[in-house]
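The block underneath contains the structure these notes are about, expressed in structure tokens.
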Amino acid sequence: MDLLQVEVLFNREQLHQKVVEMGQKISEDYRGRELLVVGILKGAFVFMADLIREIDVPMELDFMDVSSYGLSTSSSGEVRIVKDLEYSIKDRDVLIVEDIIDTGLTLKYIVENLKTRNPRSVKIACLLDKPTRRKTEIFPDYVGFSIPDKFVVGYGLDYAEQYRHYPAVCILKPAVYEKSR
Ligand code: 5GP
């Protein structure tokens with residue numbers, strides 16, 4: 001990790017401990033049921049890979065990729081499905097796995113879209129939450145950490161497709177994006 005560019009917010013051990021806790025809670029809540037875990041690409045893939053290995057109920061996995069329309073990105077709330085689910089979710093217990101909730105508009109769209117497909121239930125597991133940025137009512141069922149309004153990278157999260165492989169969640173130093181402007 002280039003510590004001139006980033007500052008560590010949560011290290012490997014802190015992330016591991018939190019993911020274990022989340023996995024245990026999810027396992028208790030879904031005991032006796034079977035999950036369909038839906039990862040939102042690309043950012044959630046590292047968190048999802050770790051989280052599912054801490055969940056002790058039967059599950060299947062699927063993925064969805066979404067992007068925001070136009071330049072206004074997530075704040076527009078207009079979301080396009082780039083890759084849809086492979087499987088039907090009718091009568092399934094769906095757990096959406098997301099990296100971070102910011103305005104909440106992306107996840108709101110995804111949840112509303114999935115609910116039209118008649119699942120038995122839809123819940124959200126999210127590693128990071130920036131509650132002060134919220135523009136819509138959305139309440140994740142499982143949250144790792146609430147964080148301040150800073151741009152974070154690593155553990156799957158990118159800036160211009162970089163940093164996803166960093167093992168820690170890091171705050172990107174403003175000098176990095178100021179340089180590229
Ligand atoms: P929302 O619709 O909640 O505003 O947007 C959520 C999406 O915005 C996340 O899935 C993520 O792709 C992106 N995002 C929001 N905050 C951050 C951040 O601090 N770092 C990174 N890398 N992506 C973010």
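Everything quoted here is computed from the prediction, not taken from an experiment. Counting starts at 1 for both ligands and their atoms, in listed order.
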Ligand 1 atoms nearer than 4.0 angstrom to some heavy atom of Leu157 are 21 (C), 22 (N), 23 (N)
* Under the side-chain contact (heavy atoms from CB on, under 4.5 Å) rule, what do Val66 and Val82 come out as? Steps first, then yes or no, please. => CA-CA 5 Å; Val66 296; Val82 177; 5.7 Å; no
Quick one: do Thr136 and Leu107 satisfy side-chain contact (heavy atoms from CB on, under 4.5 Å)? Show the steps, please. CA-CA 10 Å; Thr136 184; Leu107 216 40; over 6 Å; no
Original post:
Has Asp99 got any heavy atom lying under 4.0 angstrom from an atom of ligand 1?
Top reply: yes
Q.
Under a 4.0 Å threshold between the charged nitrogen and the carboxylate oxygen, would Glu28 count as salt-bridged to Arg31?
A. no
Exercise. With under 30° as parallel and over 60° as perpendicular, where do the rings of Phe10 and Phe145 fit, or are they tilted in between?
Worked result: parallel
**Request:** Please say whether Tyr159 places an N or O atom under 3.5 Å from an N or O atom belonging to ligand 1.
**Result:** no
Near Asp158 (heavy-atom distance under 4.0 Å), the atoms of ligand 1 are 21 (C), 22 (N)
Here the atoms of ligand 1 under 4.0 Å from any heavy atom belonging to Thr106 are 1 (P), 2 (O), 5 (O)
**Prompt:** So, are Arg92 and Glu34 salt-bridged, with charged N and O less than 4.0 Å apart?
**Reply:** yes
Atoms of ligand 1 under 4.0 Å from any heavy atom of Glu98, numbered from 1 in the order shown, are 10 (O)
Do Leu107 and ligand 1 have an N or O pair less than 3.5 Å apart? no
Handout entry: Arg134/Asp102 under side-chain contact (heavy atoms from CB on, under 4.5 Å): CA gap, chis, key distance, verdict
Key = CA-CA 6 Å; Arg134 205 66 98 248; Asp102 188 27; over 6 Å; no
Among Ile147, Asp102, Thr136, the residue with a heavy atom nearest to atom 15 (C) of ligand 1 is Asp102
Practice problem: Before accepting this row, confirm whether a basic side-chain N of the pair Asp84/Arg117 lies closer than 4.0 Å to the acidic partner's carboxylate O. | Solution: yes
Once the angle between the rings of Phe151 and Tyr159 is folded into 0 to 90°, is it parallel (under 30°), tilted (30 to 60°) or perpendicular (over 60°)? perpendicular
Under 4.0 Å between heavy atoms, the region of Leu128 that gets near ligand 1 turns out to be neither
Judged by heavy atoms only, the candidate from Ile100, Val66, Leu105 nearest atom 7 (C) of ligand 1 is Ile100
With heavy atoms and a 4.0 Å threshold, my read on which part of Lys130 contacts ligand 1 is side chain
With heavy atoms and a 4.0 Å threshold, my read on which part of Lys150 contacts ligand 1 is backbone
* Asked: Are Val38 and Val57 grouped together when hydrophobic residues (ILVMFWY) are joined by side-chain heavy atoms under 4.5 angstrom apart?
  -> no
**Asked** Is ligand 1 less than 4.0 angstrom away from at least one heavy atom of Gly43?
**Response** no
